[in-house]
Amino acid sequence: MTAYRGEPFLRESWEEKTQREKTDQTLEEKAWKVFQTIEEIAENYPELAKFAEDIKSSILRYGKIIERRKQAIRSSNREEIETSDQEQRIAHNALIDSLNILSRQCRNKEVSNLWRQDIGIERDQITAWAMRVYKTLESLEEKVN
């Protein structure tokens with residue numbers, strides 16, 4: 001059976017439903033659980049805390065750039081779209097680097113890095129994970145303020 005390749009939103013909805021049926025967790029909850037694992041690593045291994053903080057900073061930066069890019073697209077600001085496209089690529093690469101660095105450091109210290117597999121290796125998987133975490137971080141910040 002081949003996977004549905006039609007409209008992306010519908011495909012994401014089906015993937016989320018399938019995932020929820022398997023785990024009783026939404027994709028947002030699953031993404032947040034992986035992020036919490038990263039934060040637990042930072043708490044339990046202070047020498048890895050900087051790498052975990054780099055991931056959080058990268059997610060926040062990347063999410064803000066994505067949001068700004070969406071706004072530029074809505075306003076048809078060509079110059080801003082081009083600038084944000086370049087910023088997005090740089091921020092995404094930095095996020096991937098941060099994830100890979102922590103994963104390697106975990107492996108070197110014999111700490112489980114299975115969380116890295118849960119995120120995925122494809123750029124779109126990493127983007128989806130990061131944006132889910134970003135939205136959760138933003139909503140938590142709104143509750144605090």
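Hydrogens, waters and symmetry mates play no part in the numbers below; they use all other heavy atoms, side chains included. Quantities reported herein were computed from a predicted structural model and do not represent experimental measurements.
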- Message: Checking Glu53 against Lys50 for the side-chain contact (heavy atoms from CB on, under 4.5 Å) test, could you report, in this order, the C-alpha distance in whole Å, the side-chain angles of both residues, the deciding distance, and whether it holds?
- Response: CA-CA 5 Å; Glu53 187 57 40; Lys50 180 202 179 311; 5.6 Å; no

- Query: Hey, mind stepping through Asp54 and Ser98 against side chain to side chain donor-acceptor pair (under 3.5 Å) and telling me if it holds?
  - Reply: CA-CA 6 Å; Asp54 287 346; Ser98 296; 5.2 Å; no

- Go through the steps for Arg116 and Asn100 under the test side chain to side chain donor-acceptor pair (under 3.5 Å), then give the verdict. CA-CA 8 Å; Arg116 186 61 182 91; Asn100 290 339; 3.1 Å; yes

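For the pair Cys106 and Trp115, the tightest heavy-atom approach, listed with the atom from each and the gap, is SG-NE1, 4.0 Å. Looking at every heavy atom in both residues, Ala91 comes nearest to Tyr62 through CB-CD1, 3.9 Å. The minimum heavy-atom distance between Arg69 and Ser84, with the atom names listed, is CG-OG, 3.2 Å. Here the closest non-hydrogen pair linking Leu137 and Ile59 is CD1-CG2, 4.3 Å. Closest heavy-atom contact between Val34 and Ile119: CG1-CG1, 3.7 Å.
Heavy atoms from other residues, nucleotides or ligands lying under 6.0 Å from CZ of Arg74 number more than 12. Heavy-atom neighbours of Glu47 CD from other residues, nucleotides or ligands within 6.0 Å: above the threshold of 12. Atom CD1 of Ile73 sits in a crowded spot, with more than 12 heavy atoms from other residues, nucleotides or ligands closer than 6.0 Å.
Residues Arg68 and Glu80 meet the side-chain proximity criterion, which asks for heavy atoms closer than 4.5 Å. Looking only at side-chain heavy atoms (C-beta outward), Gln71 and Glu67 stay at 4.5 Å or farther from each other. Side-chain atoms of Thr26 and Arg132, non-hydrogen and from C-beta on, never get closer than 4.5 Å to each other. In this structure, the side chains of Asp118 and Lys30 stay at 4.5 Å or more apart for every pair of heavy atoms.
Between the CD1 atom of Ile55 and the CG atom of Leu60 there is a distance of 12.0 Å, given to the nearest 0.5 Å. Of the inter-residue distances, the one linking Asn113 atom CG with Leu102 atom CG reads 8.5 Å to the nearest 0.5 angstrom.
Screening Gln86, Lys70, Arg89, Gln88 for a side chain to side chain contact (heavy atoms under 4.5 Å, CB included) involving Ile65 leaves a single residue, Gln88.
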In residues 35-44, what donor-acceptor pairs under 3.5 Å come from side-chain atoms, sequence neighbours left out?
unit_1: Thr37; atom_1: OG1; unit_2: Lys33; atom_2: O; d: 3.0
unit_1: Asn44; atom_1: ND2; unit_2: Glu40; atom_2: O; d: 3.2

